[in-house]
Amino acid sequence: MSRNNEGNIKKHNDKLHKAQDKAKKAAMDRKEKLKQITKKFNEDKASENN
């Protein structure tokens, strides 16, 4: 019996893709959070200047 049978390959790929999706989501969340922080910072600076 081969260790590289179709079932094992599918399990491995599913696990790999799940990890990649998790990393991608974390990166997108960080970017979104940074955008919100930057927006708030810019609004605060604008209100200080007025």
Side-chain angles (χ1 to χ4, degrees):
M1 298 229 330
S2 172
R3 291 185 348 186
N4 289 332
N5 63 31
E6 197 169 317
N8 288 343
I9 291 170
K10 182 174 179 355
K11 284 181 194 175
H12 171 75
N13 286 341
D14 289 348
K15 189 175 181 181
L16 178 66
H17 294 153
K18 186 176 181 182
Q20 289 173 340
D21 289 344
K22 186 176 180 182
K24 192 182 292 185
K25 183 182 182 314
M28 288 176 53
D29 289 346
R30 281 193 300 273
K31 284 183 182 178
E32 187 62 35
K33 199 169 204 175
L34 182 60
K35 281 183 190 176
Q36 290 175 356
I37 291 169
T38 304
K39 184 177 177 183
K40 181 164 176 37
F41 177 78
N42 289 337
E43 287 173 355
D44 291 347
K45 281 291 190 183
S47 65
E48 280 182 12
N49 291 338
N50 290 337

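Heavy atoms only, all atoms of each residue included: Asn4 and Ile9 are closest at O-CD1, 3.5 Å.
Checked against Glu32 for a side chain to side chain contact (heavy atoms under 4.5 Å, CB included), the options Met28, Arg30, Gln36 give a single hit: Gln36.
Using a cutoff of 4.0 Å between basic side-chain nitrogens and carboxylate oxygens, Lys18 and Asp14 are not scored as salt-bridged. Taking a cutoff of 4.0 Å between a charged side-chain nitrogen and a carboxylate oxygen, Asp29 and Lys25 qualify as a salt bridge.
Atom CD of Gln20 has more than 12 heavy atoms from other residues, nucleotides or ligands within 6.0 Å.
Rounded to the nearest 0.5 Å, atoms NZ (Lys35) and NZ (Lys31) are 8.0 Å apart. Distance CG/Asn13 to CD/Glu6: 10.5 Å, rounded to 0.5 Å.
Checking side-chain atoms of His12 against main-chain N and O of Asn8 turns up no donor-acceptor pair under 3.5 Å.
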